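Scroll down for the structure; my scribbles are underneath it.
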Amino acid sequence: MGGRAEKIVFGSTSVLVLLFLYVPLFLIVLYAFNESTINSWPFPGFSTRWFDRLFHDPVPREAAWLSVKIALASTAFALVLGTTMAFAFARHRFFGREVVNFAVTLPIILPGVITGVALASFFLFTGTDLSTRTVIVGHTTFCIVLVFNNVLARLRRVSPSLEEASRDLGASGWQTFRHVTLPSIRTALVAGALLSLALSFDEIAVTFFLAGADTTTLPLWILGAFRNSQAVPEVNAAATVILVISIPMIALAAYLMREEGSVAQVRQE
């Protein structure tokens, strides 16, 4: 009876948590097809006119393109820096290693508001104007963590003896990396990149404090448009488009990370 009661309690709790998380998302998608400008139920009718308005509105279109460029740039920097740091931690032992590890992962632990205020204060102190470049720097700080954690976890499962054997057989450092190391960490890199792209594209807290007057990303446009009740349906349409783009990326990243665990388990067995 105790086991059955536990299953009922945990099952009911899980259902409530999932409803709490996903019902608001479902409502956003549902209201994006509302013919009226008022979010009420029942609908007077279904329509796709808000998507048509969104796609023909130059302001959110330019904001979305800017968000894409910032996400691509931040992810590129994160891939280089995060992968390099992962190799340093996986292949070497050095003084202050744990302190550096904590410093690297801190931006993803801290609330975005704290990170944004800290970076904005730093840029203002150094006389750096807030712009798209400062937003990229801010996004890179937390995107590095995603790449670093994924690549480090994979490198810890890859035996260094494979690289040593490649060098013993006459391969250069670049050849060893290209033919031995890179294939081993490829899915970890893709997973980290996908998570970085999705998180950077949706980020608003850090962006709010680091964006200049002429820097309007899609999340910032949504924040401003949401204050106008007449623009709420268009905001719902924009949020639906973001969900359609982000969810497959996150799902693929989760699959690749799960596949990583399966491969490691097979190797151990």
Side-chain angles (χ1 to χ4, degrees), residues 21 24-25 28 59-86 99-152 189 191-227 235 238-247 249-250 253-254 257:
L21 292 174
L25 297 180
I28 287 176
V59 177
R61 188 169 63 244
E62 293 174 1
W65 177 234
L66 180 60
S67 293
V68 170
K69 291 191 290 186
I70 290 174
L72 289 173
S74 302
T75 300
F77 286 121
L79 282 173
V80 175
L81 298 175
T83 303
T84 304
M85 296 183 66
V99 176
V100 175
N101 186 19
F102 176 76
V104 171
T105 57
L106 188 60
I108 204 70
I109 300 173
L110 288 175
V113 174
I114 302 300
T115 302
V117 170
L119 288 173
S121 300
F122 171 77
F123 288 130
L124 293 175
F125 176 77
T126 58
T128 304
D129 294 332
L130 300 181
S131 63
T132 302
R133 288 178 294 179
T134 57
V135 175
I136 292 174
V137 172
H139 287 200
T140 302
T141 57
F142 56 78
C143 288
I144 287 177
V145 185
L146 301 175
V147 177
F148 172 77
N149 287 336
N150 279 281
V151 176
L152 181 60
L189 288 173
L194 290 173
L195 290 174
S196 298
L197 283 170
L199 187 59
S200 175
F201 186 82
D202 297 341
E203 171 59 38
I204 186 171
V206 174
T207 309
F208 180 82
F209 290 99
L210 298 181
D214 58 344
T215 304
T216 303
T217 62
L218 186 58
L220 289 180
W221 174 83
I222 290 176
L223 178 64
F226 195 77
R227 298 168 182 170
V235 170
T240 301
V241 173
I242 292 175
L243 287 174
V244 171
I245 295 174
S246 300
I247 289 178
M249 295 172 60
I250 296 173
M257 289 187 290

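Predicted, not measured: the structure shown is a model, and the values here were computed from it.
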Under the ring pair (Phe, Tyr, Trp, His ring centres under 6.0 Å) rule, collect the residues that match up with F201, sequence neighbours excluded. none
Any side-chain heavy atom of S196 sitting closer than 4.5 Å to one from S74? no
Would you list the pairs meeting side-chain hydrogen bond (donor to acceptor under 3.5 Å, both in side chains) in which at least one residue belongs to residues 134-146, sequence neighbours left out? H139-S200, H139-T207
Quick check for you: to the nearest 0.5 Å, what is the distance between I250 atom CD1 and D202 atom CG? 7.0 Å
List the residues meeting side chain to side chain contact (heavy atoms under 4.5 Å, CB included) with L79, not counting sequence neighbours, and say none if there are none. T75, V147, L189, A193
If you look at every heavy atom in V235 and A225, which pair is closest and at what distance? CG2-CB, 3.6 Å
Check: residues 106-129 side-chain donor-acceptor pairs under 3.5 Å, at least two apart:
{"residue": "S121", "atom": "OG", "partner": "V117", "partner atom": "O", "Å": "2.9"}
{"residue": "T126", "atom": "OG1", "partner": "F122", "partner atom": "O", "Å": "3.1"}
{"residue": "T126", "atom": "OG1", "partner": "F123", "partner atom": "O", "Å": "3.1"}
{"residue": "T126", "atom": "OG1", "partner": "T128", "partner atom": "OG1", "Å": "3.1"}

Over all heavy atoms of both residues, which pair between I136 and A73 is shortest? Give the atoms and the distance, please. CD1-CB, 3.8 Å
Gap between atom CZ of F209 and atom CD1 of I204 - 0.5 Å precision: 10.5 Å
Given 3.5 Å as the limit, does a donor-acceptor pair link the side chain of T105 with the main chain of F102, or not? yes
Euclidean distance, F142 CZ relative to L199 CG, rounded to 0.5 Å: 4.5 Å
Checking side-chain contact (heavy atoms from CB on, under 4.5 Å) for the pair L130/T215: CA distance, chi angles, key distance, verdict? CA-CA 9 Å; L130 300 181; T215 304; over 6 Å; no
Could I get the full list of side chain to side chain contact (heavy atoms under 4.5 Å, CB included) partners for A238, not counting sequence neighbours? L54, W221, I222
Nearest 0.5 Å, what's the OG-CD1 distance between S67 and I242? 7.5 Å
Which atom of G192 lies closest to which atom of N150, heavy atoms considered: CA-ND2, 3.9 Å
So, using side chain to side chain contact (heavy atoms under 4.5 Å, CB included) as the criterion, who are the partners of A253 when residues are at least two apart? A191, L194, L195
Measure across L218 and P60 and return the closest heavy-atom pair with its distance rounded to 0.1 Å. CD1-O, 3.9 Å
In this structure, CG of N101 is separated from CG of L152 (nearest 0.5 Å) by 7.5 Å
